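Throughout, protein chains are lettered first and strands after them, A, B, ... in sequence-line order, and every chain is numbered starting at 1. What you see below is based on every heavy atom in this structure, not just the backbone, and it leaves out hydrogens, waters and symmetry mates. In this text the structure is predicted, and so the values were computed from the model without any measurement.
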There are 2 protein chains.
Amino acid sequence: MSIHSPQRATILEVAREAGASKTSVSRYFGGERERLSRELQGRIESAAQRLGYRPNQMARGLKGGRSRLIGMLVADIRNPFSVAVMHGVEQACRERGYSLLVCNTDNDPAQEREHLALLTSYRVEGLVINAAGSPDRELQALVEQGMPLVMLDRELGEVEAEVVGLDNARALDLALDHLQVQGYGELLYLSEPPEQASPRQARLMRFHQGVAARGLAGEAHCQALKDRETLQRAIGDFLARPGTAPRALLCANGNATLAATRALQTLGARLGDTGLLGIDELDWCALVGPGITTLAQPTEAIGRAAVECLMRRRECGDHTTPSRRVHFQASLIPRGSTRR
Amino acid sequence: MSIHSPQRATILEVAREAGASKTSVSRYFGGERERLSRELQGRIESAAQRLGYRPNQMARGLKGGRSRLIGMLVADIRNPFSVAVMHGVEQACRERGYSLLVCNTDNDPAQEREHLALLTSYRVEGLVINAAGSPDRELQALVEQGMPLVMLDRELGEVEAEVVGLDNARALDLALDHLQVQGYGELLYLSEPPEQASPRQARLMRFHQGVAARGLAGEAHCQALKDRETLQRAIGDFLARPGTAPRALLCANGNATLAATRALQTLGARLGDTGLLGIDELDWCALVGPGITTLAQPTEAIGRAAVECLMRRRECGDHTTPSRRVHFQASLIPRGSTRR
DNA sequence: TTGTAAGCGTTATCAG
DNA sequence: CTGATAACGCTTACAA
């Protein structure tokens with residue numbers, strides 16, 4: 001390798017070392033090598049090598065505003081689903097020469113606001129938002145300033161931003177169809193409070209519609225999942241209720257599935273006997289009891305699609321293109337928890 | 001809120017609006033408000049408010065080199081353990097006014113190298129490394145240039161860098177003691193290949209030492225875990241071997257635990273009957289069969305400690321302080337998988 | 001094909 | 001306490 005000087009080499013030093021001008025070196029690293037003579041290219045190449053030169057992205061970002069940074073807001077970094085999507089986002093960014101600046105908001109609107117400010121202060125060139133709170137005002141303003149923006153799995157009021165996510169209606173239909181076919185007649189839908197989180201709302205709404213349309217009995221329990229006792233009582237009541245139709249739980253996301261599984265285990269319910277179907281496929285769903293039936297989301301694809309939207313925005317003019325919705329389909333992974 | 005101009009306001013505009021100089025505005029936002037008169041502070045405050053001003057971090061980073069960015073290399077972002085640690089790192093960074101630039105390397109040395117270059121090109125002020133490959137040369141060079149560096153859970157040849165991670169020896173002792181007390185006499189240690197990853201090496205070594213010291217029978221299977229068949233055969237052979245002592249599996253990390261659980265399930269082994277103990281506590285360990293006994297790592301604390309090391313480095317002079325090792329203790333969570 | 005020079009938004013230095 | 005003014009490392013017209 002190279003022997004680095006105490007401070008990192010600058011473009012000027014490389015220029016001197018190569019007997020060229022800053023401009024030429026800049027062109028060399030800015031992807032305009034073609035415009036330089038073979039000979040100059042060689043000199044710059046070796047000079048840079050010798051000095052261990054790397055363009056300073058900060059300085060780069062300063063001039064034209066090309067920070068080559070994409071910002072992402074993640075509601076809960078410890079949620080495997082979010083991470084999987086983020087992985088897709090990151091891959092796609094890398095492939096396009098962008099880096100990803102990720103901020104976790106822990107579902108806290110305050111942090112969301114703060115991080116949003118932070119990201120913009122780094123002059124990110126695009127924003128992928130997956131957050132529960134609603135700094136709609138700020139986002140609105142950003143979009144109007146021409147910031148490419150894509151919402152992950154969540155609509156945004158009247159803002160002209162792309163939305164990428166699951167086709168929630170179809171997903172719920174899929175789930176309900178499966179549960180019905182398997183013979184479950186009374187359903188309990190488990191979700192975190194749906195305020196502010198549009199996919200939760202969409203799923204909940206479709207649940208109610210779908211249950212009615214199929215002539216099933218259905219109700220929803222939408223409390224914070226952290227309170228295990230409340231959840232357990234709700235599930236217990238549901239299972240103990242008089243009636244003969246087989247009962248099943250439908251979980252709105254991975255966290256709900258986890259909480260429900262715990263509760264069922266504590267209650268001593270047998271999976272399958274009591275149906276259980278969760279949205280989001282997790283590592284362990286195949287391992288618990290007879291396996292938990294899930295609806296898998298194409299996480300990587302969702303992440304990649306988000307970046308594609310961003311790039312499309314960047315390229316084809318400013319906010320002239322109408323905002324779009326990209327919906328992905330969930331796929332059912334049937335397991336023992338919905339087999340009676 | 002404020003009505004934003006098409007382009008974000010600059011310090012100059014704020015200065016004009018406030019009838020002050022760039023310098024004063026800079027001081028206001030650079031944490032030197034005390035030096036300004038109450039009156040000036042007020043004018044700047046409201047001018048900035050009006051214009052929706054935010055300092056441009058890029059420009060900031062350019063001048064003094066204060067990018068306020070910490071870089072982190074993560075070997076596998078989809079590993080819950082890594083994410084948990086990263087969460088701690090991020091929190092700690094935020095509390096200190098830094099942002100975290102995370103790069104996932106997917107355990108690929110090439111990506112590692114590339115990302116390392118990337119991070120330095122953003123002039124990160126410190127680096128938290130959790131990666132399997134060995135770009136030792138590059139890291140070495142960075143340290144010599146005075147870059148604060150802390151290794152997560154992995155030693156680095158002769159580089160003077162802090163190391164933060166689990167006390168692997170004590171962790172394995174804990175595991176072996178528990179297994180012995182529970183009456184398991186023959187152990188199979190499951191790990192991914194330990195080359196290059198020092199914690200894997202440390203754990204494996206201690207396993208062998210500890211088994212010998214306790215008069216247990218022990219062997220290790222260190223293949224890539226993706227190949228399910230091989231793993232299954234290895235475990236099958238182990239269980240089918242003649243002998244009467246109860247047998248147990250000891251898993252080197254969460255991935256191994258997952259793979260082992262799958263294999264055992266396929267083989268039809270009953271947990272507890274066949275012992276199973278995994279390093280790393282995961283969401284689902286309590287839910288599978290009678291529960292899986294684990295050794296939990298204090299993930300958040302590890303992450304925070306990493307940042308503390310970094311900051312200590314930054315503050316108290318350059319690379320004069322001797323590098324240290326911060327070791328955390330694992331805690332045993334006994335469950336049914338080690339109860340016969 | 002190559003070079004010159006003028007910024008980009010901030011901070012740091014040095015005067016008032 | 002406040003303010004000019006010169007960097008910081010790079011890109012980008014505009015020349016040559």
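A donor-acceptor pair is defined here as one N or O able to donate and one able to accept, closer than 3.5 Å; such a pair exists between the side chain of Ser67(A) and the backbone of Arg123(A). The closest donor-acceptor contact from the side chain of Arg68(B) to the backbone of Gln57(B) lies at 3.5 Å or more, if one exists at all. Between the side chain of Gln41(B) and the backbone N or O of Leu36(B) there is at least one donor-acceptor pair closer than 3.5 Å.
We find that CZ of Arg60(A) is positioned 8 Å from C1' of dC10(D), with the value rounded to whole Å. Whole-Å rounding puts the Arg123(A) CZ to dG9(C) P distance at 8 Å. Whole-Å rounding puts the Ile11(B) CD1 to dA6(D) C1' distance at 15 Å. In this entry the distance linking CZ of Arg54(A) with P of dG9(D) reads 17 Å, nearest Å. The CD atom of Gln57(A) sits 18 Å away from the P atom of dG9(C) (whole-angstrom rounding). Whole-Å rounding puts the Ile44(A) CD1 to dG3(C) P distance at 8 Å. Atom CE of Met58(B) and atom C1' of dT11(D) are 14 Å apart (whole Å). In this structure, OH of Tyr122(B) is placed 18 Å from C1' of dC8(D), rounded to the nearest angstrom.
Looking at residues 19-37 of chain A, you'll see Lys22(A), Thr23(A), Ser26(A), Arg27(A) sit with a heavy atom under 4.0 Å from some atom of DNA chain D.
Ionic pairing of Glu45(B) and Arg33(B) is not present here: no N-O contact between side-chain nitrogen and carboxylate oxygen is shorter than 4.0 angstrom.
Annotation: side-chain hydrogen bond (donor to acceptor under 3.5 Å, both in side chains) contacts of Arg35(A) (sequence neighbours excluded): Glu32(A). Take Asn104(B) and apply the side-chain hydrogen bond (donor to acceptor under 3.5 Å, both in side chains) test, not counting sequence neighbours, and it matches His87(A), Asp106(B). Partners of Arg16(B) under the salt bridge (Lys or Arg N to Asp or Glu O under 4.0 Å) rule, at least two apart in sequence or in another chain, do not exist in this structure. With sequence neighbours excluded, the residues satisfying side-chain hydrogen bond (donor to acceptor under 3.5 Å, both in side chains) with Ser21(B) are Ser24(B).
In the helix from dT1(C)-dA16(D) to dG16(C)-dC1(D), the terminal helix axes, each the rotation mapping four pairs' C1' atoms onto the next four within five end pairs, subtend 30°, rounded to 10°.
The residue among Pro55(B) and Gln41(A) whose nearest nucleotide of DNA chain C is located toward the 5' end is Gln41(A).
More than 12 non-hydrogen atoms from other residues, nucleotides or ligands lie less than 6.0 angstrom from CZ of Arg94(B).
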